[in-house]
Amino acid sequence: MNNYIQIYNNVIDDDYCDELKEKFDRNPKQQEHIRICSKINKGSMSFSQLNLNSYDKSYWQNDVAKLVKVFSQYLNQYKQDCDIRPEMWPDRTDIFEQIRIKKYLNNDKDEFGPHVDAITHESALRFLVFFIYLDDNEKGETAFPQLGVASPCKKGNLLMFPPLWPWLHAGLKPINKPKYMVGSYLHYK
């Protein structure tokens with residue numbers, strides 16, 4: 001099961017990571033603050049996010065196109081690395097969920113407790129996760145507690161995995177500075 005958790009190094013350069021963080025911070029009115037103690041996921045959820053597809057499309061349009069291109073490129077690499085045969089994969093794989101930038105403050109509160117990302121009827125379309133870390137962070141990794149695996153927060157790195165129940169994961173608390181990441185999901189047709 002661990003082989004379906006893949007990390008790709010330096011998929012976007014440091015300057016572009018910094019640009020995305022700066023654009024996020026320059027647009028506080030576009031940010032949504034999520035703070036929930038979830039009984040379903042048995043963990044807390046606290047962070048800020050900005051949906052690039054929802055606000056000022058002209059402002060984010062180039063970023064959405066660039067990130068979809070990166071996700072698409074690494075989707076092919078993922079299929080190779082995981083030895084995914086055609087009979088294992090949907091025919092159409094170009095439907096990405098809206099792209100979001102998330103920021104977790106180093107305030108001992110921001111985290112995303114253990115959860116899966118396809119747990120409701122609406123989220124059941126998700127079948128692959130794409131997370132790109134926008135900064136190095138000593139902590140704040142994405143951990144898979146049942147599998148004993150964690151993806152460190154390394155600037156420009158892409159984490160991909162299925163969002164389903166065997167891949168329970170958590171976004172751990174950053175400790176020295178805020179954690180930024182950008183992500184999306186691949187959807188079934």
Side-chain angles (χ1 to χ4, degrees), residues 1-21 23-24 49-54 57-102 112 115-120 122-137 140-144 146-171 179-189:
M1 295 228 312
N2 292 5
N3 64 316
Y4 291 106
I5 301 169
Q6 294 290 322
I7 301 169
Y8 299 100
N9 298 325
N10 303 311
V11 302
I12 59 175
D13 64 40
D14 288 357
D15 290 340
Y16 188 50
C17 289
D18 293 341
E19 181 184 326
L20 287 171
K21 290 186 313 184
K23 283 177 82 170
F24 177 92
Q49 70 178 3
L50 191 155
N51 183 334
L52 277 59
N53 300 85
S54 290
K57 290 185 173 47
S58 62
Y59 186 71
W60 293 105
Q61 183 176 5
N62 290 337
D63 296 305
V64 169
K66 186 172 184 174
L67 291 165
V68 165
K69 186 175 179 180
V70 170
F71 295 154
S72 296
Q73 175 187 345
Y74 282 92
L75 172 60
N76 292 326
Q77 185 66 48
Y78 180 87
K79 288 166 61 175
Q80 256 186 317
D81 293 343
C82 295
D83 193 26
I84 296 173
R85 297 180 294 268
E87 63 271 16
M88 298 168 61
W89 202 257
D91 290 335
R92 185 170 177 195
T93 56
D94 61 346
I95 304 169
F96 289 93
E97 187 167 298
Q98 296 177 338
I99 297 173
R100 293 174 178 85
I101 297 176
K102 293 184 179 180
F112 201 150
H115 67 285
V116 296
D117 295 316
I119 197 164
T120 66
E122 294 80 25
S123 64
L125 290 173
R126 297 171 171 174
F127 76 93
L128 193 62
V129 176
F130 298 82
F131 290 154
I132 299 175
Y133 300 104
L134 300 179
D135 209 349
D136 292 336
N137 208 301
E141 63 269 20
T142 302
F144 298 83
Q146 294 177 316
L147 300 174
V149 174
S151 172
C153 290
K154 183 82 173 111
K155 191 174 192 175
N157 283 7
L158 169 64
L159 170 64
M160 294 173 65
F161 61 94
L164 308 170
W165 60 268
W167 292 274
L168 179 78
H169 59 284
K179 172 177 81 171
Y180 293 83
M181 59 193 301
V182 61
S184 185
Y185 300 88
L186 194 61
H187 280 197
Y188 288 107
K189 181 179 171 184

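Heavy-atom basis, side chains included; hydrogens, waters and symmetry copies ignored. Predicted model, so just to flag it, every value in this text is computed and none were measured.
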Handout entry: Closest non-hydrogen atom pair between Ile7 and Pro152, with its separation
Key = CD1-CD, 4.4 Å

Handout entry: Those residues that, when tested against Gln6, pass side-chain hydrogen bond (donor to acceptor under 3.5 Å, both in side chains) (two or more places apart)
Key = none

Show the atom names and distances, to 0.1 Å, of all donor-acceptor pairs under 3.5 Å that link a side chain in residues 63-76 to residues at least two apart or in another chain.
from: Asp63; atom 1: OD1; to: Tyr16; atom 2: OH; distance (Å): 2.7
from: Asp63; atom 1: OD2; to: Lys23; atom 2: NZ; distance (Å): 2.4
from: Ser72; atom 1: OG; to: Val68; atom 2: O; distance (Å): 2.9

Completion exercise
Tightest non-hydrogen contact, residues Leu20 and Ile101, listed as O-CD1, 3.9 Å

Exercise for the section: Work out which heavy atom in Ser123 is nearest to a heavy atom in Asp117; give both atom names and the distance. Expected result: CB-O, 3.4 Å

Practice task
Sequence neighbours left out, what passes side-chain hydrogen bond (donor to acceptor under 3.5 Å, both in side chains) with Asp14? Give chain and number order.
Solution key: none

Practice task
Identify, with sequence neighbours excluded, every residue that meets side-chain hydrogen bond (donor to acceptor under 3.5 Å, both in side chains) alongside Tyr78.
Solution key: none

Handout entry: Atom of Leu128, atom of Pro163 and distance for their closest heavy-atom approach
Key = N-CD, 3.5 Å

Handout entry: Partners meeting side chain to side chain contact (heavy atoms under 4.5 Å, CB included) with Glu141 (sequence neighbours left out)
Key = Lys139, Ala150, Leu172

Problem - Residue of the set Phe112, Phe161, Tyr4 for which ring-ring contact (aromatic ring centres under 6.0 Å, His included) holds with His169 - result: Phe161

Exercise for the section: Take Leu164 and Val116 through the side-chain contact (heavy atoms from CB on, under 4.5 Å) test and state the conclusion after the steps. Expected result: CA-CA 6 Å; Leu164 308 170; Val116 296; over 6 Å; no

Problem - All side chain to side chain contact (heavy atoms under 4.5 Å, CB included) counterparts of Asp94, not counting sequence neighbours - result: Arg92

Practice task
May I ask you to check whether Trp89 and Phe127 place their ring centres under 6.0 Å from each other?
Solution key: yes

Exercise for the section: Scan residues 152-165 for pairs that pass side chain to side chain donor-acceptor pair (under 3.5 Å), counting only residues two or more places apart or in two chains. Expected result: Asn9-Asn157, Asp18-Lys155

Problem - Side-chain donor-acceptor contact under 3.5 Å, Tyr133 with Thr142 - result: yes

Completion exercise
Looking only at heavy atoms, the pair that brings His115 and Leu168 closest together is N-CD1, 3.4 Å

Exercise for the section: Search all heavy atoms of Cys153 against all heavy atoms of Gly140 and return the closest pair with its distance. Expected result: SG-O, 3.0 Å

Problem - Spatial distance of atom CD (Glu19) from atom CG (Leu134) [nearest 0.5 Å] - result: 11.0 Å

Practice task
Please collect all salt bridge (charged side-chain N to carboxylate O under 4.0 Å, His left out) contacts where either partner lies in residues 122-131, sequence neighbours excluded, each pair once.
Solution key: Glu97-Arg126

Exercise for the section: Just jot down the side-chain hydrogen bond (donor to acceptor under 3.5 Å, both in side chains) partners of Ser184, sequence neighbours excluded, or say none. Expected result: none

Problem - Nearest-0.5 Å distance that lies between atom OH in Tyr188 and atom CD1 in Ile95 - result: 12.0 Å

Exercise for the section: Ignoring hydrogens and angles, tell me if any N or O in the side chain of Asn3 forms a donor-acceptor pair with the backbone of Cys82 under 3.5 Å. Expected result: no

Exercise for the section: Could you check whether the rings of Phe131 and Tyr185 sit parallel, tilted or perpendicular, using 30° and 60° as the cut-offs? Expected result: perpendicular

Problem - Reported CD-to-CG distance for the pair Gln98 and Asn51, which is rounded to 0.5 angstrom - result: 4.0 Å

Problem - Beyond-backbone contact of Trp60 with Ile99, side-chain heavy atoms, under 4.5 angstrom - result: no

Completion exercise
Taken to the nearest 0.5 Å, the spacing of Leu125 CG from Thr120 OG1 works out to 9.0 Å

